[in-house]
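Report on one structure; see the data block that follows.
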Amino acid sequence: MVDHAGPGQQAGTSGDASPNPSPTAEERNRRKIVSFKVTHVLLTLFFLWLMTVHIVGILFFAKGFLLTRLVLDNKSECGILPSDNPSRETGGCWHPKSFDRAVVIIIDALRYDFTIPSHRFYTEPQKKFYLDNLPILHQTAVSNPSNAILLPFIADPPTSTLQRLKGLTTGTLPTFIDIGSNFAGTAIEEDNIISQLKDAGKTIVQLGDDTWHSLFPGYFDPNMTRPYDSFNVWDLHTVDNGVIEHIMPLLDQSPVRWDVIFGHFLGVDHAGHRYGPDHPAMAEKLRQMDGVIRQMMEKIDDTTLLVVMGDHGMDTKGDHGGESDEEIEAALWMYSKKPRFGRIDGADTLPPATAKERPVGQIDLVSTLSILLGLPIPFNNLGKPIAEAFAGAGTTDWENLAKVEQLVQSQISRYQKYYTRSRDLGLPEEAYTNQNRYMVDSIEATAHGKWKDAHNALVSWHRELISMYRQLWANFNLTDMLIGVQLSGLGLGFLFLFSCFLEGDKAGLAVHLIRSAGLGSALGAAAGALTGLFLPAQFTVVAGLIFGAGIGGIVAASFWSCQHLFAPKSYLPSAWGWLAFVFCVTQSAGFASNSYTIHEDTILLFFLSSFGIVSLISSLRQASTPDRVLGTYQSVVFIFLARAASFSRLCREEQMPGCHSSFYASTNSSTSAPWQLLIPYTVALIIPEIIKAFYKGTASYAGSAGFWIGFSVRMGLLLIAAYWTIDAADNGDWLLGRVSPATLKTVSITLARCALAIAIPVGIGTFVWAKPCIDISITEPTTATDETGTRGRPQLAVFGYANVFGSRYFIMIPILVLAVSLLLPPMGQYSIAILTWQILCLLEILDTNGLTATSATKSSIGPVMLAILGSYHFFKTGHQATLASIQWNSAFVPLRTIQYPWSPLLVVLNTFGAQIICAAAVPLTVLWKRPIDKAGLRWLWTDVLGACLTHALYYATIQLATTMWAGHLRRHLMLYRVFMPRYLMANGVLLIVDMVLAFVALAGVRVVGLSVGEVFGF
């Protein structure tokens, strides 16, 4: 009898068969896909946990290292003197006022030498565009010394606009952490001259830079105030023309309805950022400012003070933010129609020839303006009065000057007393010795009517006081710094353990590790919170909770790893592993040297060349002829490309004069040379062909590769080339009189957005929905039969099979290349094109030398070399570890105005584009030419995770090294110029790489794994 299978039953079984039949192939595939997706989510959480550990360590160290000062909320009052006695002054608050109104003009980035005739400091005539175009300030100070004074106006670094405005309105010294708020200005809450004007019932008008409204919301008269967007550094005229349009009618008002006008011009600063100081556009802006000041001088009356000043200077390329002489040396000019100013004995009636002579600090402006306008001096002010403003016309009035200085000294002494009550200064009595001595000298001189001696004593007293506070606010919180180093060190140790020493299914084990880390974090957070609750001297509750969570999670994860994941084997690295170790450690150790840090790009070039030479030697020793030939060729190309990229260079100030910048048209320009416009077109022609050649090496130029690489990427690069051509035409006025600047801007933005449309919607859509880059060919059987009489079967050939994973994943890289190239000038595109080529060379070198994750001699060298490539091309794309090198104009490539969060994201992509591309390329060290038979989905995640962790390990090592060296060298002369910016850069890069690995690399592997698995059925 034969049993027949009924519906829903398998043949050979009865109707009551086992309730758990074996799963079908389709069901197994479905489960694999679900498991693959779940693993991706959990690995993303794992990376986010690692990033959180990095953030906690960074925040704790920054809390102790990035200097802050205690802001007192006390306010000065008009009727009460600093001595706490009532004021009996009727012509002002604490002192008779000199002016009823004031017009304060800030010409952003007005460097002192812009205002001095060139013959004062050059023995031979100099043809520089920033010279001799703003003569009115010097002319009036020379011809009418009783009516005008011109002095060097020294800014305290950091020289960013927002920090300078804080100093100019509060009279306080800055600390480095303030720079973080330069792009998100928070309202000033401490006592300042604007709030004192408001409390006095004055009508305040602000015109120009809208940064003032972030700092002083609601202080300005809404009917007469006109703010303008300040961030578009490519716009030279909108803000300035707007200020001129509205300020002249205000000066003509009758009756006058305003008391103080703050006008902030931005054209000079923007001309510097766009072209550099030595450019015709700078001469044009300075001549415009000269004409505007002449008009204001005619319109003001005898009771109005006119002040013109720069908030900072600019370096030779037109940027600022650091502490070089060119950046801190601004100009200050004060003018009155009625003679009120003078010179103290020993001072030339001429303005100083250089900024080194008779400089005044920017913090001195607050006390000076307050007394001149009859206001109380803001409580936190540390500046002294500017002597020339109170010396009197003609013979020096030493008595008036000394009394004004005593008033300011009394105010500062009051601040000292309250500050000491609020925070223990921790200074020995010796720190006050000189101050006390000069104070006694001043009192004795005053008692005997020796006003000049009293003045000299008070000047010396103030010099000692400022020196003391600079040292005081350079006190670091070593406890927080050590906690931060401890957290970062433990995180690095765990990363090193998990990525280098642990064998087995890392992906599966990482999933279980998350549970241990989560439990440890919860227990640690509870312990930390309790510590903060019962031992507040050690931690606040919040700080204890964060510290406990960080420590608990790392310790639990490390303990679990040591207990479960060690495999009995030798952990000595291979020769390639030693090479990666040496590169990482030697670079980390080098950051202890300021000269090493300054020349980091040269060191990275040496590392890349050394790797190329070692890979060349290794390739020549390969047994397989194809591997030997291909490896040798790619090694030579890799070395050549590294050297070729070195021709793109942006020198930092410390490298001068032995360094020649080639990134821009000249060392004092921010625009490209005309010949550099050939680069984008060359890149558009060559790079798609290079990628195509690598694809054809494994017959992978099939499917969507032809459309995406051969057409879309090329079109995107051509649009980028067209954008930069239009930008150059706009900068160089090539089409002046034929096409309006507004039209050129519209065309350029349209081109930029079209390029982004190709990179993002088209690129991402192609990557997500494309099939593997394979081509299937079927050969029909011949009519002949074999000796058994059987006819031949059709032959199936799969082209691209050898690199099905790598060719599919690499589709993502041109998306980032297009987006980054759009935001970079032509020389930056040159560097990114070389980087793309070098990544492909590196992948072939790894394959031919058996260094991929699937080989018997797998090594960490691939992910580490990608990290070094990213770091190297960071410098080759026109960046340095300095604030001044940030290319702010990238925020406006596809946009007309600031739009959050897109504008900051564009700047980040421009700055760290090379590292982002390399981090996204890390899975290729696993996927490139990965055999299908070793590509089970489970082990795919394990190999990718190992490569990503190794890549992150390099940046975590650099971050910890720069953190420790910056902490160790916190008293070094070059801290703020060299070590601090490099430390901040390392922190930023580490977090960005963590995010790219979590949200780009892992997501890309998921797309590729599902795509390939769907076709090949695993």
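- In this structure, CG on Asp315 lies 7.5 Å from CD on Glu326, to the nearest 0.5 angstrom.
- To the nearest 0.5 Å, atom OG1 of residue Thr586 and atom OH of residue Tyr596 are 5.5 Å apart.
- Ala881 approaches Pro981 most closely through the heavy-atom pair O-CB, 2.9 Å.
- When side chains are defined from C-beta on, Arg982 does not count as touching Trp965, because their heavy atoms never get closer than 4.5 Å.
- No side-chain heavy atom of Thr172 sits less than 4.5 Å from a side-chain heavy atom of Ile363.
- Of the residues Trp576, Tyr872, Phe607, the one that meets the ring pair (Phe, Tyr, Trp, His ring centres under 6.0 Å) test with Phe583 is Phe607.
- If you run side-chain contact (heavy atoms from CB on, under 4.5 Å) between Val978 and each of Thr882, Thr597, Leu969, only Thr597 comes through.
- Using modelled atom types, one side-chain atom of Ser648 and one backbone atom of Lys876 make a donor-acceptor pair closer than 3.5 Å.
- For Thr877 (side chain) and Phe874 (main-chain N/O), a donor-acceptor pair under 3.5 Å exists by modelled atom type.
- Here the CD1 atom belonging to Ile886 is positioned 11.5 Å from the CG atom belonging to Asn889, to the nearest 0.5 angstrom.
- Checked against the 6.0 Å centroid threshold, Tyr983 and Phe979 do not count as a close aromatic pair.
- Checking side-chain atoms of Asn910 against main-chain N and O of Leu823 turns up a donor-acceptor pair under 3.5 Å.
- The shortest side-chain heavy-atom distance between Met865 and Leu869 does not fall under the 4.5 Å cut-off.
- For the pair Ile58 and Gln959, the minimum side-chain heavy-atom distance is below 4.5 Å.
- Separation of atoms CE (Met980) and OG1 (Thr962) is listed at 11.5 Å; rounding is to 0.5 Å.
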Going by atom type alone, with no hydrogens or angles, which donor-acceptor pairs under 3.5 Å involve a side-chain atom of residues 44-57 and a protein atom two or more places apart or on another chain?
| unit_1 | atom_1 | unit_2 | atom_2 | d |
| --- | --- | --- | --- | --- |
| Thr44 | OG1 | His40 | O | 2.8 |
| Thr52 | OG1 | Leu48 | O | 2.8 |
| His54 | ND1 | Leu50 | O | 3.4 |
| His54 | ND1 | Asp994 | OD2 | 2.6 |

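- Taking the six-membered ring where the residue is Trp, Phe65 and Phe61 present tilted rings, their angle falling between 30° and 60°.
- Side-chain contact between Ser488 and Phe60: absent, with no pair of heavy atoms (C-beta onward) separated by less than 4.5 Å.
- Using a 4.5 Å cut-off on side-chain heavy atoms (C-beta onward), His873 and Ile832 make no contact.
- Panel note: side chain His951, backbone Pro863; a donor-acceptor pair is recorded below 3.5 Å.
- When side chains are defined from C-beta on, His273 does not count as touching Met314, because their heavy atoms never get closer than 4.5 Å.
- The minimum heavy-atom distance linking Leu816 with Ala920 is given by the pair CD1-CB, 3.4 Å.
- In this structure, Arg649 and Cys659 have side chains that are in contact, with non-hydrogen atoms separated by less than 4.5 Å.
- Between the CG atom in Asp601 and the NE2 atom in His879 there is a gap of 13.5 Å [rounded to 0.5 Å].
- Atom CD1 of Ile916 is separated from atom CG of Leu997 by 11.0 Å, given to the nearest 0.5 angstrom.
- Side-chain N/O atoms of Gln880 and Glu600 include no donor and acceptor closer than 3.5 Å.
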